[in-house]
Amino acid sequence: MNTASEVLELSPVVPVVALDDVAHAVPLGQALLRGGIRTIEVTLRTPAGLPAIERLAAEVPEIVVGAGTITEVGQADKAREAGARYIVTPGATDRLLDDVDATGLPYLAGVSTVAEAMRLAERGVTAMKFFPAEPSGGVPYLKSIAGPLPQLRFCPTGGISVDNAGRYLALPNVGCVGGSWLAPKQLLAAGQWGQVEALARQAAALG
Ligand SMILES: O=C(O)C(=O)C[C@H](O)[C@H](O)COP(=O)(O)O
């Protein structure tokens, strides 16, 4: 997997997780896989993020692990060293993009305006994250920009659930959606891996 476009093809739904306990990483990855979800975006929002990426890469190699919430220079390289195979950012600055580019990993950089999307396109990037999707205009916004920007494809994230994911996935300029609903904190804390698997199965069926 070398390009952002390939990241969009991994799974109809990318589970976005913020882990409080690194011990949850492996059973979570296994539950997602059993449900048919082949990737996981582990955010660096919690201290468990990097070690969780390391564990998943080493112990659940079948799941493609990405690193999310990359907002600062230096984080992407640490994520690469931990075993992340792609990078996700909520927004993009030139400095951050240069830093992420230097890792050689594919990335989904976050945009929420037409101008931001055009700036990424100027760098040759045609697949990106649309964040925060619902507050930024959601499905109608993505429909509107498909006309002037037909070459761009998106992974909308933020405010997406099993109830509205299908409407996004039906759009020709959407490759996948991201969401935290597959790994609710209370299910992880209670070790309810069967329920996580059921959520993953329901999400996988959206594709
Ligand atoms: O941390 C990041 O890099 C983000 O982009 C934020 C996450 O994508 C959203 O928090 C997921 O959104 P929800 O599914 O609405 O919970």
Side-chain angles (χ1 to χ4, degrees), residues 4 7-8 10-20 24-25 28 32 35 37 39-53 56 64-80 82 84-93 95-97 99-100 103 105-113 116-117 120 125 127-139 141-142 153-169 174-189 195-196 199-200 202-204 206-207:
V7 177
L8 293 193
L10 288 172
S11 174
V13 180
V14 177
V16 181
V17 306
L19 292 173
D20 291 324
H24 294 158
L28 172 60
L32 292 170
I37 295 286
T39 187
I40 179 170
E41 177 192 329
V42 179
T43 67
L44 299 199
R45 273 191 253 170
T46 60
L50 271 183
I53 290 170
L56 282 160
V64 180
V65 57
T69 322
I70 299 287
T71 56
E72 289 171 22
V73 165
Q75 286 180 316
D77 202 49
K78 289 203 178 82
R80 184 194 56 77
R85 294 175 55 195
Y86 64 92
I87 298 293
V88 186
T89 79
T93 65
R95 193 161 163 257
L96 183 63
L97 289 174
D99 188 66
V100 174
T103 65
L105 292 177
Y107 57 86
L108 294 179
V111 301
S112 65
T113 69
E116 288 165 5
L120 278 179
V125 176
M128 55 198 74
K129 170 167 167 163
F130 176 51
F131 178 78
E134 280 287 292
S136 302
V139 166
Y141 192 90
L142 286 165
R153 294 181 79 223
F154 298 90
C155 175
T157 306
I160 299 183
S161 68
V162 70
D163 299 321
N164 60 5
R167 290 197 284 281
Y168 282 94
L169 289 166
V174 167
C176 63
V177 299
S180 60
W181 86 87
L182 281 78
K185 278 192 187 296
Q186 62 279 17
L187 291 190
L188 305 194
Q195 293 202 42
V196 173
L199 289 171
Q202 184 187 39
L206 291 167

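Just so it is clear, the structure is predicted and the values come from calculations on it, not from any experiment. Indexing begins at 1, ligand by ligand and atom by atom, following the structure's order.
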Q. Listed by chain and number, what are the salt bridge (Lys or Arg N to Asp or Glu O under 4.0 Å) partners of Asp99, not counting sequence neighbours?
A. none

Q.
For Lys185, give me all partners under side-chain contact (heavy atoms from CB on, under 4.5 Å), at least two apart in sequence or on another chain.
A. Ala18, Asp20

**Q.** Tyr168 ring center within less than 6.0 Å of Phe130 ring center
**A.** no

Q: Keeping the roles fixed (side chain from Asp77, backbone from Gly74), state whether a donor-acceptor pair exists under 3.5 Å.
A: no

Check ligand 1 against the protein and report each N/O to N/O distance under 3.5 Å, formatted as atom name, atom name, distance.
unit_1	atom_1	unit_2	atom_2	d
ligand 1	1 (O)	Arg45	NE	3.2
ligand 1	1 (O)	Arg45	NH2	3.0
ligand 1	1 (O)	Thr69	OG1	2.5
ligand 1	3 (O)	Thr69	N	3.2
ligand 1	3 (O)	Thr69	OG1	3.1
ligand 1	5 (O)	Lys129	NZ	2.5
ligand 1	8 (O)	Lys129	NZ	3.3
ligand 1	10 (O)	Arg45	NH2	3.2
ligand 1	14 (O)	Ser180	N	2.9
ligand 1	14 (O)	Ser180	OG	3.2
ligand 1	15 (O)	Gly159	N	2.8
ligand 1	16 (O)	Ser180	OG	2.6

Q) Quick one: side-chain contact (heavy atoms from CB on, under 4.5 Å) partners of Cys155, sequence neighbours excluded? A) Leu8, Leu108, Thr157, Cys176

Q | Passing option when Val17 is tested against Leu182, Thr43, Ile40 for side chain to side chain contact (heavy atoms under 4.5 Å, CB included) | A | Ile40

